[in-house]
K.L.:
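First, the structure itself, so that you have it in front of you.
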Amino acid sequence: MKDALHALLAEAFAALELDAPAQARIENTRDKAHGDLAANHALVAAKTAGMPPRALAEKLLAALPASPLVAKVEIAGPGFLNFFLQADARQEVLAQIYAQGAAFGSGAASGKRVLVEFVSANPTGPLHVGHGRGAAYGDCLVRLLRAAGDTVDAEYYVNDAGRQIDILATSVWLRYLEAGGSKQPFPRKAYQGAYIGASAARLREAVGDVLERDLGAHLENQPPAADDDETGDAHLDALIAAAKALLGAADYRRVLEHILAEQLGDIREDLEAFRVHFEHWASEREVVDAGLVQAALDTLRDNGQTYEQEGALWFASSRFGDDKDRVLLRANGAATYFANDIAYHQQKLARGYDRLIDVWGADHHGYVPRMKAAVEALTGQADRLDVQLVQFVSLLRDGEKVSMSTRAGTYETLADLRREVGEDASRFFYVMRSNDQTLEFDLALATRESADNPVYYLQYAHARICSVLRTAGERYEAADAQPESGLDERERLDAPSETALLNLLARYPETVQAAARQLGPQIIVHYLRDVAEGFHRWYNAEPFLVDEVALRRARLCLAGAVATVLRNGLDLLGVSAPERM
RNA sequence: GCGCCCGUAGCUCAGUUGGAUAGAGCAGCCGCCUUCUAAGCGGCCGGUCGCAGGUUCGAAUCCUGCCGGGCGCGCCA
């Protein structure tokens, strides 16, 4: 529709021998007194045309060719051209909706391959409510970009290398020893959660006591257990070293694989239950073992972006806008986490993706410039990586903030949230707000007053339509109760509430495109709220199951179309569209 | 100190990348169920868009400087 009007205006500009302004736009009007669509061409082009906006608007109006789509055009305000559409042009959307069904709103294939990496939480414990936001947001991006026509994969990057994983394995082993009678105090800086002990018990069940070792002798002259960070870390490192030495590589690996498999299994189940599916689970350890870190460093060096200083290898990230250069290889020869991450991103690019999207917690925002610098240094293109930050979620329980600490095991898990609030409401709440807005999640409100949840407003509209269609099916012949069969009567839909709804439905495809372009699922949320509101208004204004057959069929047709759009939109959010409530 | 994000109604937040009289929800007040689901609808109340300049036909939106809040600034991961 907008394209058609753009074409009309282009003709008018050509007739006036003026250049059509490229930045001019046709917008949906907010006030119906301004027609259905408004063009700001005269305002934008006034300066280059050398005449006042309103004068230009008059000339454009005179030069505008007639169109079967347009009922009338008015000049308003400072020089807007307001278009009033022909009723049948407005009703045309119904035919599209019934022809395309679940695909209505989806764009043509773009041929673009996109990889969205999200959650990627360390497998050192259950997912908490902060991860949940990243999961819901990232998954919506996948759904949105697919709807927009891209070929999209979802990926979870497992940080299964490095010190945190050693701490995890050692924590499990210490609990295992405890169960065997060891009196070694459990270190404060190890993982405290009850799931560690439970996992250790299962380990013992599986392997018996073959992992028993005597720690005592190994800890003499080692840093003592302590509360302060420095000594506590040293103590823990000593325990990790002891575990590796006493168990040997093979048995240590056994403990590590045991807890890792359990953790990842739990995380995957948790996410699947949350309707978040990953095509790929990438492993940091595999990236390292495949020699990709060295390969990435070679690429950077070949591109002339590294140098050595004080025994370390540096990446000159400041050339690409980072605050300062970053270490890749430490003086002791070990690669930094950043070096591994560069290798991982190079691998993602090598797999043939045109665009990478990373979803990170907002606390990692300082990491963005260096990662973008790395991608630019590797490929020469800065825009192949897009990092989206998800701001914090603070949880209110009984009006009090819940403190969150992974180590202390005193956090609210995603699984708890799902149980309390449900998948639909929690997913909806997570993406209802822009991702760069902090989110206050009040559990008491979300659970006790669940009827006030905005998600129910949308779902209720859908259930209401289904109820009407059910009733119609009971009362009338099948031919009269089928929504689609009313297409031929669509010219009867001319009540104000129907006109407003038809205009809204026509905007759905462009809304999907806008949400995908802006990576903003909340745009879908607000659009759907408008659709639901439009429906509820209509429902209260006009009866559907009227005696006059043609009118009834027309209205059922519109109702069915609204249900389709609601269903399609809710599906983009991963929220169900119930048929009864 | 430097950097990123945020500041819009009593509260929680939108605002289609510069458009017309700044919008929702919740809370508060007043109405609407013998008829298709009242988890709904209509109405009222509520604003110096943090502050001050600037850019232009036009600014909540862009630029500069302040003020306030959050987060981050390791040869940690």
Side-chain angles (χ1 to χ4, degrees), chain A residues 23 25 27-31 33-34 38 40 42-44 46-47 52-54 76-80 82 122 124 159 161-165 167 233 284 309-314 323-324 326-338 340-341 361-369 389 391-392 394 432-434 436-440 442 445 449-457 459-461 463-472 475 507 510-511 514-515 517-518 520 522-523 525-527 529-530 532-533 535-546 552 555-556 559 580-581:
Chain A
Q23 325 87 294
R25 295 173 48 195
E27 294 169 332
N28 303 302
T29 54
R30 204 176 302 155
D31 185 343
H34 297 143
N40 66 350
L43 295 165
V44 176
K47 188 169 278 183
R54 277 199 78 107
F80 289 102
N82 290 339
N122 287 333
T124 51
N159 297 125
R163 184 164 180 268
Q164 296 203 47
I165 289 299
I167 296 174
D233 278 336
E284 180 182 6
Q309 190 180 316
E310 294 166 20
L313 181 70
W314 295 71
D323 291 348
K324 50 188 168 187
R326 308 290 173 177
V327 171
L328 298 168
L329 292 178
R330 301 181 192 115
N332 66 11
T336 57
Y337 175 84
F338 180 44
N340 290 1
D341 224 2
D363 52 336
H364 289 87
H365 66 77
Y367 203 74
V368 177
L389 298 174
Q391 292 290 335
F392 280 6
S394 59
M432 167 168 92
R433 306 272 112 100
S434 162
D436 48 29
Q437 194 75 240
T438 55
L439 184 69
E440 204 165 82
D442 189 331
L445 194 82
E449 302 180 36
S450 59
D452 290 333
N453 279 346
V455 63
Y456 290 103
Y457 186 75
Q459 293 184 316
Y460 182 59
R464 226 178 183 186
I465 293 169
C466 291
S467 171
V468 170
L469 296 180
R470 271 195 306 272
T471 306
R475 287 193 199 170
R507 277 172 40 195
E510 72 192 57
T511 303
R517 190 177 62 248
Q518 296 179 52
Q522 80 280 1
I523 289 169
V525 170
H526 289 102
Y527 169 80
R529 208 210 68 83
D530 285 346
E533 180 182 49
F535 171 76
H536 288 309
R537 272 191 186 150
W538 178 44
Y539 183 95
N540 278 275
E542 314 288 343
F544 302 157
L545 303 181
V546 292
R552 186 172 74 225
R555 287 183 172 161
L556 289 177
R580 302 168 193 275
M581 289 175 73

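Protein chains get the first letters and strands the later ones, always in sequence-line order, with residue 1 at the start of each. As a basis for the values below, the full set of heavy atoms in this structure was taken, side chains included, without hydrogen atoms, waters or symmetry mates.
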K.L.:
By the 4.0 Å heavy-atom rule, please label A/Glu284 as base, sugar-phosphate, or nothing.
P.N.:
nothing
K.L.:
So A/Asp363, base contact, sugar-phosphate only, or nothing? Heavy-atom distance under 4.0 Å.
P.N.:
sugar-phosphate
K.L.:
What contact category does A/Asp341 fall into here, base, sugar-phosphate, or nothing, at under 4.0 angstrom with non-hydrogen atoms?
P.N.:
nothing
K.L.:
Of all the choices, B/C75, B/C36, B/U37, which nucleotide is nearest to the side chain of A/Ala331 once you look at every atom?
P.N.:
B/C75
K.L.:
What nucleotide, of B/G19, B/G15, B/G25, holds the atom closest to the side chain of A/Gln522?
P.N.:
B/G15
K.L.:
Want to settle it: does A/Gly162 or A/Arg470 sit nearer the 5' end of RNA chain B, counting the closest nucleotide to each?
P.N.:
A/Arg470
K.L.:
Please list each protein N or O that sits under 3.5 Å from an N or O in nucleotides 1-10 of chain B, with the distance.
P.N.:
from	atom 1	to	atom 2	distance (Å)
B/G3	N2	A/His365	NE2	2.8
B/C5	O2'	A/Gln391	NE2	3.4
B/C5	O2'	A/Asp436	O	3.2

K.L.:
Searching all strands shown, indicate the nucleotide that pairs with B/A60 (Watson-Crick or G-U wobble; both distances under 3.5 Å).
P.N.:
none
K.L.:
Side chain of A/Arg537, heavy atoms from C-beta onward: which of B/G42, B/C75, B/A20 has the nearest atom to it?
P.N.:
B/G42
K.L.:
Between B/A59 and B/G53, how far is it from one P atom to the other, in whole Å?
P.N.:
14 Å
K.L.:
In terms of relative ring orientation, are A/Tyr539 and A/Phe544 parallel, tilted or perpendicular, with 30° and 60° separating the classes?
P.N.:
perpendicular
K.L.:
Please indicate yes or no: is the ring centre of A/His34 less than 5.5 Å from the centre of the six-membered base ring of B/A20, with the two planes inclined by under 30 degrees?
P.N.:
yes
K.L.:
Who does B/U21 pair with, Watson-Crick or G-U, both distances under 3.5 Å?
P.N.:
none
K.L.:
Using a heavy-atom cut-off of 4.0 Å across all strands, would you classify A/Phe338 as base, sugar-phosphate, or nothing?
P.N.:
nothing
K.L.:
Does B/C41 have OP1 or OP2 under 4.0 Å away from a side-chain N or O of A/Tyr457?
P.N.:
yes
K.L.:
Looking only at heavy atoms, what is the nearest atom pair of A/Leu545 and A/Ala472, with distance?
P.N.:
CD2-CB, 3.8 Å
K.L.:
Hunt down the Watson-Crick or G-U wobble partner of B/G3, both distances under 3.5 Å, from any strand shown, or write none.
P.N.:
B/C71
K.L.:
A/Thr511 near the nucleic acid: base, sugar-phosphate alone, or nothing, with a heavy-atom cut-off under 4.0 Å?
P.N.:
nothing
K.L.:
So A/Ala46, base contact, sugar-phosphate only, or nothing? Heavy-atom distance under 4.0 Å.
P.N.:
nothing
K.L.:
Nearest of B/A77, B/C36, B/U16 to any side-chain atom of A/Asn28?
P.N.:
B/U16
K.L.:
Of all the choices, B/G19, B/A39, B/C36, which nucleotide is nearest to the side chain of A/Val468 once you look at every atom?
P.N.:
B/C36
K.L.:
How close or far is atom C1' of B/G40 from atom CZ of A/Arg529, stated in whole angstroms?
P.N.:
13 Å
K.L.:
Which nucleotide, in any strand shown, forms a Watson-Crick or G-U wobble pair with B/C66, with both distances under 3.5 Å?
P.N.:
B/G50
K.L.:
Taking the same atom, P, in B/U55 and in B/C73, what whole-Å distance lies between them?
P.N.:
40 Å
K.L.:
Quote, to the nearest angstrom, the C1' distance that separates B/G3 from B/U12.
P.N.:
29 Å
K.L.:
Which sits closer to the 5' end of RNA chain B, A/Thr336 or A/Leu469, going by the nucleotide each is nearest to?
P.N.:
A/Leu469
K.L.:
In this structure, how many angstroms lie between the P atom of B/C36 and the CZ atom of A/Arg475, rounded?
P.N.:
7 Å
K.L.:
Could you identify the nucleotide paired to B/C44, looking across every strand shown and requiring Watson-Crick or G-U wobble geometry with both distances under 3.5 Å?
P.N.:
B/G28
K.L.:
Tell me the closest heavy-atom pair linking A/Trp314 and A/Gln309, and the distance in Å.
P.N.:
NE1-O, 3.2 Å
K.L.:
What distance, rounded to whole Å, do you find between the two P atoms, one in B/U61 and one in B/G7?
P.N.:
11 Å
K.L.:
Out of B/U37, B/G19, B/G15, which has the shortest distance to the side chain of A/Thr471?
P.N.:
B/U37
K.L.:
Would you indicate what A/Ala334 reaches in the nucleic acid, counting non-hydrogen atoms under 4.0 angstrom: base, sugar-phosphate, or nothing?
P.N.:
nothing
K.L.:
Stacking here means centres under 5.5 Å and planes under 30°; does A/Tyr460 stack on B/G40?
P.N.:
no
K.L.:
How far apart are the closest heavy atoms of A/Met581 and A/Ala463, and which atoms are they?
P.N.:
CG-CB, 3.8 Å
K.L.:
What is the separation between atom CD on A/Glu542 and atom P on B/U35, rounded to the nearest whole Å?
P.N.:
18 Å
K.L.:
Of all the choices, B/A14, B/U37, B/A77, which nucleotide is nearest to the side chain of A/Arg433 once you look at every atom?
P.N.:
B/A14
K.L.:
Suppose you measure atom C1' in B/C29 against the same atom in B/G10; what distance do you get, rounded to whole Å?
P.N.:
15 Å
K.L.:
Over how many whole Å does the gap from A/Phe80 atom CZ to B/G18 atom P extend?
P.N.:
14 Å
K.L.:
Between B/A77 atom C1' and A/Asn159 atom CG, what is the distance in whole Å?
P.N.:
7 Å
K.L.:
What distance, rounded to whole Å, do you find between the two C1' atoms, one in B/U56 and one in B/G40?
P.N.:
46 Å
K.L.:
Quick one: is A/Arg330 getting a side-chain N or O under 4.0 Å of the B/C76 phosphate, OP1 or OP2?
P.N.:
yes
K.L.:
Measure the distance from OH on A/Tyr367 to C1' on B/A77 and round it to the nearest whole Å.
P.N.:
8 Å
K.L.:
Just to be sure I understand the rule, does A/Glu27 reach a base, reach only the sugar-phosphate, or reach nothing, if contact means heavy atoms closer than 4.0 Å?
P.N.:
sugar-phosphate
K.L.:
For the side chain of A/Leu43, counting heavy atoms from C-beta on, which of B/C57, B/A20, B/U16 is nearest?
P.N.:
B/C57
K.L.:
Mind checking A/Pro53 for me? I need base, sugar-phosphate or nothing, with any heavy atom below 4.0 Å counting as a touch.
P.N.:
nothing
K.L.:
Quick one: label A/Tyr539 by what it contacts on the DNA or RNA (base, sugar-phosphate, nothing), any heavy atom closer than 4.0 Å.
P.N.:
base
K.L.:
Separation of A/Lys324 atom NZ from B/G72 atom P, in whole Å?
P.N.:
15 Å
K.L.:
Measure across A/Val327 and A/Ala312 and return the closest heavy-atom pair with its distance rounded to 0.1 Å.
P.N.:
CG1-CB, 4.2 Å
K.L.:
Determine the contact category for A/Ala161: base if any of its heavy atoms lies under 4.0 Å from a base atom, sugar-phosphate if only primed atoms, P, OP1 or OP2 are that close, otherwise nothing.
P.N.:
sugar-phosphate
K.L.:
Now, which nucleotide makes the Watson-Crick or G-U wobble pair with B/U34, with each of the two distances under 3.5 Å?
P.N.:
none
K.L.:
Can you find an N or O donor on one side and an acceptor on the other, under 3.5 Å apart, linking the side chain of A/Asn40 with the base of B/A20?
P.N.:
no
K.L.:
So what does A/Ser467 hit on the nucleic acid, given a heavy-atom distance under 4.0 Å: a base, only sugar-phosphate, or nothing?
P.N.:
base
K.L.:
If the P atom of B/A27 is compared with that of B/G42, how far apart are they to the nearest Å?
P.N.:
16 Å
K.L.:
Rounded to the nearest angstrom, tell me the gap between atom CZ in A/Arg54 and atom P in B/G58.
P.N.:
16 Å
K.L.:
Check every strand shown and say whether A/Arg580 touches a base, only sugar-phosphate, or nothing at a heavy-atom separation below 4.0 Å.
P.N.:
base
K.L.:
Can you tell me how far C1' in B/G68 sits from the matching atom in B/A52, rounded to whole Å?
P.N.:
15 Å
K.L.:
Which heavy-atom pair separates A/Arg54 from A/Pro78 by the least distance, and what is that distance?
P.N.:
CG-O, 3.4 Å
K.L.:
With a 4.0 Å cut-off on heavy atoms, is A/Ala312 in touch with a base, just the backbone sugar-phosphate, or nothing at all?
P.N.:
base
